[in-house]
Amino acid sequence: MLLIDCPCCGLRPETEFRCGGQAHVARPEKPVDVGDQDWSEYLFVRANPRGVHAERWIHQHGCGRWFNALRDTVSDRFVETYPMGGKPKSTTTEARA
Amino acid sequence: MLDDSLYARRVSPLDGAAKPASLPGGVTVRQLKPEARFSLRVKAGAPADAAGFALDQKINSIVVRGGRWSARLGPDEWLIGGPEADAQLIAEEVEATLRDRPHSLVSVSHRNVSLEISGANAAIALNAGCPLDLSDAAFPAGSATRTLLGKCEIVLIRAGAEPSYRVEVWRSFSTYAHGFLVEAAFGLQNAA
Amino acid sequence: MRRFSYRSLISEALNAHQGWQRQWRAPDPKPSYDVVIVGGGGHGLATAYYLASQHGITNVAVIEKGWIGGGNTGRNTTIIRSNYLYDESAGIYEHALKLWEGLSQELNYNVMFSQRGVLMLAHNVHDVQSFKRHVYANRLNGIDNEWLSTEECKAFCPPINISQDIRYPVMGGALQRRAGTARHDAVAWGYARGADSRGVDIIQNCEVKGIRRDASGAAVGVETTRGYIGAKRIGVVAAGNTSVVMQMAGVRMPLESYPLQALVSEPVKPCFPCVVMSNAVHAYLSQSDKGELVIGAGTDQYVSYSQQGGLHITNHTLDAICEMFPQFTRMKMLRSWGGVVDVTPDRSPIIGRTPVQNLFVNCGWGTGGFKATPGSGHVFAHTLATGEPHKINAPFTLDRFRTGRLIDEAAAAAVAH
Amino acid sequence: MAQHFRLPSGGRIDRSKPVSFTFNGSKIEGYQGDTLASALLANGVHFVGRSFKYHRPRGIMSHGSDEPSALLSVSRGPGRTDPNNRASVVELREGLVTKSQNHWPSLNFDVGAVNDLFSPVFVAGFYYKTFMWPRSFWDKVYEPFIRAAAGLGVAPDVPDADRYANRHAHCDVLVVGMGPTGLAAALAASETGKRVIVADEQAEPGGSLLHASEETIDGKPAAEWVKETLAVLDARENVILLPRTTVFGYYNHNHVAMTERVTDHVVDPKGAPRERLWQVRAGHVVIAAGSLERPLVFADNDRPGVLLAESVRVFVNRYGVLPGRKIVFATSGASAYQAAVDAKRAGAHVTISDLRLEADCGPELAKARAAGVEVLTAHTVIGTVGAKRVKGLIVAPVTGAGAIGPRRTLDCDCVGISGGWTPTVHLFSQSRGKLAYDEALDAFLPGTSAQAETTVGASHGDYDLARCLTAGYAAGAKAAGSAATARFEATPTLKGFQPVRVMPTDANPAKVRAFIDFQNDVTAKDIKLAVREGFQSIEHVKRYTTTGMATDQGKMSNMNALGIVAGQLDRPLPSVGTTTFRPPYTPTTFGALVGPARDALFDPIRTTPIHDWAVEHGAKFEPVSLWRRAWYFPKAGEDMHAAVARECKAVRDGVGVFDASTLGKIEVVGPDAAEFMNRMYVNPWLKLEPGKCRYGLMLKEDGYIMDDGVVARVAQDRFHVTTTTGGAARVLNHMEDYLQTEWPDLNVFLTSITEEWAVIAVQGPKARETIAPLVSDIDLSPEAFPHMAMREGRICGAPTRLFRVSFTGELGFEINVPADYGRAVWEAIYESGRKFGITPYGTETMHVLRAEKGYIIVGQETDGTVTPDDVGLAGMIAKAKADFVGKRSLARQDLVASGRKQLVGLFADDPSLVLEEGAQVVADPNQPIPMKMLGHVTSSYDSPNVGRSIALAVVADGRALMGTSLFVTTPGGFTRVSVVDPVFFDAKGERINA
């Protein structure tokens with residue numbers, strides 16, 4: 001069970017959280033103007049890196065807030081967590097992706 | 001005018017099931033009396049106070065003022081409570097205070113059932129299903145947070161320094177939560 | 001290849017087994033091959049085997065970063081069945097099941113395919129509707145699958161508790177009698193031995209670090225920890241790691257890789273006659289030839305390559321097992337382990353061409369790839385040999401995520417109302 | 001048998017408390033403080049089981065959790081029997097019933113032992129090479145035979161009489177092990193006041209100090225030091241001491257799992273749990289788990305009476321048991337000498353056979369000889385004599401060049417073997433730390449830590465007592481953030497060994513069976529065969545030979561197996577690979593992992609405020625997600641069909657009442673509420689007036705239907721949204737996700753009110769008259785309160801949100817009242833409706849009534865691949881909206897293609913035939929298999945109001961097939977149906993507006 005640093009609540013056990021997959025996949029402003037290929041990428045294609053991954057979590061059974069996290073998918077160690085709409089402090093390439 | 005005999009009476013889901021009982025480990029589990037409770041949401045920039053309910057406390061803490069209490073569960077979320085008879089009054093007062101800013105006040109008086117577990121080993125019993133650190137240092141008097149008890153979500157409140165915890169649970173989970181706490185007390189036992 | 005037979009076994013017994021040879025060679029990689037297969041799991045080795053045996057293409061290398069069969073092939077709960085709902089899925093899994101039925105003889109290697117039956121339990125009205133939909137669809141596709149009443153479930157698998165007073169009472173079940181289990185390691189070894197004897201090079205401890213492309217963008221070979229290896233065609237069959245390998249060719253995949261855990265109990269005398277699965281309670285259980293209860297469950301919730309998951313997943317899995325079979329609470333967990341499964345948005349595989357010429361992919365089997373091993377290898381070999389998909393894998397394109405022609409078995413079992 | 005092998009004094013057992021138990025039916029006595037193993041040995045019982053594959057006689061080999069052979073079935077009473085207990089870890093208690101396993105008909109005479117004769121055939125991997133001919137024999141002959149022969153004990157087949165507990169705990173420092181290192185670490189860590197948990201798998205803390213003979217610490221006998229140290233720790237409030245607690249799993253982020261055996265050692269648990277799972281989140285973990293002794297590998301090294309040398313010492317010193325009168329210690333290292341000296345002192349005739357040259361031995365040699373022990377240095381072991389008990393050890397001198405001299409048989413009844421030591425690195429490895437091979441110690445040692453962890457003492461290859469204490473103390477202090485150190489004086493430890501893989505022999509190594517993995521019957525030659533066949537990674541070797549895969553998980557065998565593979569390949573040992581250890585360290589009871597989550601606490605059963613009324617009125621219930629819902633209300637003598645038919649008629653003819661409380665409900669509040677609804681649902685919301693309702697249809701972003709429900713606009717900035725029962729949480733999460741991550745600028749708040757309101761649906765022509773006497777503050781007249789309106793007022797004095805809506809096609813109301821009032825209001829309605837024959841109905845009738853009207857149920861007509869148009873709901877989509885969730889996807893190629901499945905009604909030719917839900921639809925039942933399937937039946941009922949069976953189905957291009965005939969599968973074949981409009985009753989929809 002991971003220990004996750006919720007930006008609102010501090011370190012809390014994983015079972016209180018739900019993972020929402022890759023972070024920073026913004027919904028297009030005007031979806032109707034998006035072509036089929038780009039739309040399918042928005043819907044389905046995800047970074048799936050071996051290494052640092054930017055992902056979304058919600059503290060479902062806590063403060064109920066979504067936030068972002070950088071986590072190494074090989075060690076499962078968190079690099080950092082940061083609020084929705086925020087940017088990570090770390091500057092790995094994956095973090096900016 | 002409605003005939004008196006038709007007036008509905010309240011029935012709690014645990015009526016009959018949750019008699020206060022002294023359990024192993026010196027733990028007591030009981031259901032608390034009904035109270036007025038609301039989920040209050042106010043976006044960033046909430047006032048320090050609304051109708052006597054503190055709003056400026058740290059996240060995951062509770063402030064009790066007279067008969068009214070407010071537990072801040074998130075940056076823009078409070079669970080507030082007061083005497084059952086004041087339900088209407090609380091709603092009106094809070095609405096009046098917050099009229100000019102985006103907010104939401106929704107009654108959850110019937111959604112939630114309140115259990116209390118107390119006794120020197122209450123925190124250990126809770127830890128049968130609650131994964132949080134409930135030590136005095138990590139979860140002192142004045143703490144309140146949403147968390148888990150086994151397979152159901154609860155709001156766990158420790159208002160005072162004594163080993164007494166309030167467990168707010170959705171009503172259809174209350175039988176489970178009550179049963180879980182009782183079983184947890186039995187789980188405290190060791191070989192004689 | 002020296003054939004296994006009673007005769008060879010007895011003569012070796014008399015010779016203190018000194019005469020057995022390597023089951024596959026350990027060659028150095030050649031500068032180039034007609035086909036390079038990236039990934040030495042069951043699917044990759046089967047692909048190589050069928051390339052050699054069905055298409056006569058023997059100038060083939062299987063490149064494995066660790067030891068063959070060390071990924072999901074050796075980490076799954078070995079359930080084999082073909083009672084899928086949609087024609088496309090039924091097609092490929094039934095193709096595989098038919099190959100399973102003759103696989104030990106075909107490979108001259110006992111993969112211990114055991115048609116013990118897979119019984120999927122229904123615990124609510126929705127399950128009943130959904131399973132009957134499967135039963136009927138399977139019948140029209142020529143796949144055995146039958147509906148059992150609650151009592152018939154008990155008769156087929158006596159350990160099942162059919163009391164209607166339990167949390168998730170059994171309301172019947174769907175039974176595929178031809179389904180069952182196999183010895184996972186033997187599948188990898190058997191295909192490896194068969195492929196090797198036909199000239200395929202199996203190169204272990206060799207990690208692919210890059211995919212080389214020419215000026216036109218076509219793939220022409222792989223950079224590995226043992227040097228560059230040229231290839232006319234490359235097939236990526238690297239379950240769990242597909243995104244990473246495909247990224248080397250600049251192809252982004254609709255995949256996410258999750259930890260999947262499984263565990264076994266201590267071995268006990270035969271006490272469980274078949275495979276039982278339950279979607280509602282969320283667990284599956286069988287007993288291995290060795291006597292261990294083999295237990296699997298769902299994935300952890302986050303992407304990870306660590307081959308390790310959380311204890312709470314194990315706990316929930318065993319909650320479910322002991323709910324269905326309360327007599328097992330005194331059994332003991334002997335081993336637990338994790339694999340990495342790559343999962344597509346519709347949880348069906350992708351088998352076929354990619355946007356890069358000469359680069360082909362076979363991935364996205366999620367939690368259910370083992371059962372497909374022979375079928376997957378067979379059609380992927382066809383695809384690599386001809387450059388075109390076999391009709392069975394034609395629907396499993398990468399392009400379906402653009403058109404919306406998804407093959408979503410899980411959605412078909414959706415629960416709401 | 002009366003404990004003839006019990007020493008007259010000594011040991012930590014309580015001789016004042018005799019304990020009796022049975023073994024294979026014979027009554028035996030031991031003492032309080034014994035393990036099953038020590039009690040059996042005290043009575044001269046070594047032979048306690050048969051091996052997995054060859055069914056060879058096996059005895060007790062060890063005193064700890066590494067025991068591979070002595071596995072017994074243990075019964076503590078009804079519902080308390082379980083297999084595969086290691087005799088060495090079962091604490092003796094009065095009345096234990098124990099039995100040996102894996103034999104038939106008896107331990108002494110076992111038919112399965114015939115396998116041993118076939119052992120030349122049954123080598124590693126033999127089954128991959130055989131049992132293939134003829135093909136049909138596998139399922140019917142070979143596999144049943146293999147299965148019957150395999151397995152060890154018998155699984156329990158009755159429910160467990162014990163309870164299990166769970167506890168989440170937090171500490172600053174978790175110390176694993178209460179041997180000298182762990183106790184020193186705990187002392188230091190707890191000095192700081194930090195929270196410390198100390199766990200040890202044994203019943204008594206102290207580890208190796210419990211069987212110390214001459215050892216002293218700071219001038220005190222070791223046992224005394226243990227006692228004093230424990231007293232100090234016990235007095236500290238910040239310390240939790242947990243004996244009988246096995247740390248079995250080291251997970252991510254210092255989440256450590258341990259099982260505490262709470263009551264197995266007492267006769268009556270008195271309701272206390274059998275085991276307790278501790279899930280500890282530790283700031284720092286100090287692993288002081290000690291080390292494990294390696295056996296020596298030589299022919300027939302598996303005879304009962306062959307024990308690890310240190311275990312002999314433990315049985316002598318700790319339990320006061322002499323495992324044999326004539327004991328030979330075979331060793332390649334120093335530690336066995338101390339065991340020999342102690343055994344000699346206890347009265348045994350003792351000989352040592354040491355592989356090492358005289359010159360390579362240390363001070364232990366002189367010490368043993370001074371104690372009167374005969375020592376043969378530079379001697380190898382060729383094999384053993386005996387079958388069900390070792391009778392002699394065959395040894396031979398070996399020269400430095402490897403030449404083997406003449407054999408000599410040393411008569412004995414017990415052999416203590418020692419091939420050196422292996423640090424216990426399992427937990428370190430589980431924590432994903434990297435192991436590093438240390439050639440001098442011939443062992444893998446913890447290298448770089450991956451988590452906040454320190455491994456110290458013998459687990460780190462340090463075998464000297466004083467150094468273990470000093471290092472343990474420093475590690476404990478550091479883990480607690482202190483730099484404190486302490487010096488300990490202790491007796492020097494006899495240590496050092498010469499690694500040996502297989503003892504040199506003059507026999508043909510290809511013919512002898514020298515066991516590596518005792519339980520799985522894997523021999524040195526099996527491992528060599530695997531390597532010859534190309535299995536060269538240790539993982540391949542393990543899987544091919546099954547070495548290390550038994551219930552002891554290779555604790556004894558791993559290093560020997562690795563060494564033999566490396567030797568065979570002539571490669572350095574680390575290049576063969578190391579085993580990655582996974583949880584659990586020792587086999588862990590399912591029950592402990594399940595904890596309280598059994599029976600009623602497995603999953604919550606959610607019930608509504610009206611549930612008890614339904615129970616009292618005889619309802620049958622169906623499980624729907626976590627809920628139990630009233631399914632139908634049979635009267636005496638009615639079956640489901642009759643009850644549902646009656647309920648269906650009653651609603652359309654008079655009035656029915658239905659508990660709809662499980663429907664999900666969300667209050668959407670805020671100035672941007674309507675805009676938010678506009679984005680989340682396909683329908684238009686901006687212009688919906690307060691007091692009005694609308695049916696809302698929600699899509700996932702992929703364009704498929706996700707959920708539906710009636711939505712009321714309570715006020716300009718407030719919506720009361722309903723969802724399906726199963727979709728409640730999913731819809732709220734979906735909304736919250738978009739709100740927080742895509743549109744944080746919207747001022748909207750979501751609150752789940754599913755459980756705030758009980759919902760009572762009153763449906764039928766008499767619905768208004770039924771509720772009218774109870775309602776105040778609301779004008780119920782059709783003009784004032786039309787269909788799809790919502791009013792706030794009071795019912796029975798309780799506040800209500802009263803919806804005039806219908807899922808039956810009848811005049812209907814859905815009455816929301818605060819949940820605690822639900823039952824009373826329901827009862828009042830029931831009373832009020834009596835004069836109209838009010839009928840409570842369940843979900844089945846609800847399903848039939850809505851199907852008569854062609855209303856879909858999400859999850860039944862839809863399955864996650866269905867668009868609004870597929871089910872005839874395209875009209876719900878607000879055409880003018882530029883965007884809503886799912887809109888873009890509806891334009892994808894396959895979602896607008898022809899041939900999609902569309903909702904239709906079906907009439908079977910036979911009006912009494914109710915089609916099966918899930919049945920498939922085809923055009924031609926005579927086509928060859930595989931058939932082209934056009935769709936399937938989604939709902940099917942006998943409809944008393946329509947007067948025949950009806951069905952809904954999704955069929956490819958179904959709307960174009962109206963009036964045509966198709967065929968539907970039945971259990972026996974096919975039946976003909978005609979395609980009809982999916983609205984079967986009151987097609988004009990007049991009744992709803994009554």
Side-chain angles (χ1 to χ4, degrees), chain B residues 1-13 16 24 34 39 41-43 76-77 101-113 124-135 137-138 150-152 170-173 175-177 179-180 183-184 186-192, chain D residues 163-170 195 262-263 265-266 268-273 276 279 281 595-597 600-601 603-609 626-627 667 669-672 747-749 751-758 773-774 776 794-798 817-825 828:
Chain B
M1 193 58 199
L2 200 63
D3 188 286
D4 276 356
S5 68
L6 293 177
Y7 272 94
R9 66 184 192 290
R10 289 186 72 158
V11 181
S12 143
S39 173
R41 307 287 300 274
V42 191
K43 277 235 166 151
D76 66 358
E77 181 186 1
R101 57 182 89 227
H103 75 281
S104 156
L105 184 75
V106 175
S107 170
V108 294
S109 306
H110 291 246
R111 183 186 75 177
N112 288 14
V113 171
I124 298 176
L126 280 164
N127 273 142
C130 174
L132 298 185
D133 185 350
L134 300 178
S135 64
K151 292 176 183 176
C152 81
W170 287 8
R171 61 179 297 129
S172 71
F173 290 97
T175 317
Y176 170 86
F180 194 99
E183 175 63 25
F186 281 97
L188 293 171
Q189 302 170 103
N190 286 308
Chain D
R163 66 157 33 96
Y164 298 85
N166 180 56
R167 180 164 168 190
H168 296 278
H170 295 75
R195 288 186 291 171
V262 183
T263 57
H265 63 290
V266 297
D268 181 2
K270 297 201 176 86
R276 181 178 291 123
Q279 302 193 49
R281 188 75 73 169
L601 298 179
D603 259 356
I605 296 181
R606 304 179 70 182
T607 58
T608 74
L626 288 180
W627 294 94
E667 194 137 321
V669 182
D672 298 321
N747 281 313
V748 180
F749 305 95
T751 306
S752 172
I753 50 167
T754 301
E755 302 226 41
E756 176 67 7
W757 302 99
L774 310 175
S776 41
R794 293 199 168 259
I795 184 164
C796 301
V817 290
D820 278 357
Y821 295 118
R823 171 149 187 181
V825 171

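By convention in this document, chain letters (A, B, ...) are assigned in the order of the sequence lines, proteins followed by strands, and residues within each chain are numbered from 1. Quick caveat: nothing in here was measured; it's all calculated off a predicted structure.
- For S752(D), the parts lying under 4.5 angstrom from a heavy atom of chain B are both the backbone and the side chain.
- Neither the backbone nor the side chain of L126(B) comes within contact range of chain D; no heavy atoms are under 4.5 Å apart.
- The greatest number of non-hydrogen atom pairs below 4.5 Å with chain B, out of P596(D), P604(D), A824(D), A272(D), is found for P604(D).
- Y176(B) and K151(B) get closest at one heavy-atom pair: OH-N, 2.9 Å.
- Heavy-atom distances place the side chain of A597(D), and not its backbone, under 4.5 Å from chain B.
- Test D820(D), V817(D), I753(D) against H110(B) for side chain to side chain contact (heavy atoms under 4.5 Å, CB included) and you get one pass: D820(D).
- The candidate with the highest count of non-hydrogen atom pairs below 4.5 Å against chain D, out of C130(B), P131(B), S39(B), is P131(B).
- Interface residue P609(D): backbone and side-chain heavy atoms are both found under 4.5 Å from chain B.
- When all heavy atoms are compared, the tightest approach of G822(D) to A758(D) is CA-CB, 3.7 Å.
- Counting only distance, with no hydrogens or angles, the side chain of T263(D) and the backbone of V266(D) share no donor-acceptor pair below 3.5 Å.
- Contact between Q189(B) and V262(D) at its shortest, heavy atoms only, is O-CG1, 3.9 Å.
- A donor-acceptor pair is defined here as one N or O able to donate and one able to accept, closer than 3.5 Å; such a pair exists between the side chain of D672(D) and the backbone of N747(D).
- Most heavy-atom pairs under 4.5 Å with chain D, from the set A125(B), S109(B), A184(B): that is S109(B).
- Neither the backbone nor the side chain of R794(D) comes within contact range of chain B, judged by heavy atoms closer than 4.5 Å.
- Only the side chain of R163(D) comes within contact range of chain B, with at least one heavy atom under 4.5 Å from a heavy atom of that chain.
- Interface remark: W627(D) contributes side-chain atoms only to the contact with chain B (heavy atom separation under 4.5 Å).
- If you measure heavy-atom distances from I605(D) to chain B, the contacts under 4.5 Å come from the backbone alone.
- Between G187(B) and R276(D), the shortest heavy-atom contact is O-NH2, 2.7 Å.
- For the pair R111(B) and T751(D), the minimum side-chain heavy-atom distance is below 4.5 Å.
- In this structure, N166(D) contributes its side chain and A128(B) its backbone to a donor-acceptor pair below 3.5 Å.
- When D603(D), L601(D), D268(D) are compared by the number of non-hydrogen pairs under 4.5 Å with chain B, L601(D) comes out ahead.
- Ranked by heavy-atom pairs under 4.5 Å with chain D, the list C152(B), G150(B), S107(B), S12(B) is led by S107(B).
- Most heavy-atom pairs under 4.5 Å with chain D: of the set R171(B), R41(B), H103(B), this distinction falls to R171(B).
- Ranked by heavy-atom pairs shorter than 4.5 Å toward chain D, the options L134(B), I124(B), L188(B) are led by I124(B).
- Across all their heavy atoms, Y7(B) and G797(D) have their closest contact at CE2-CA, 3.3 Å.
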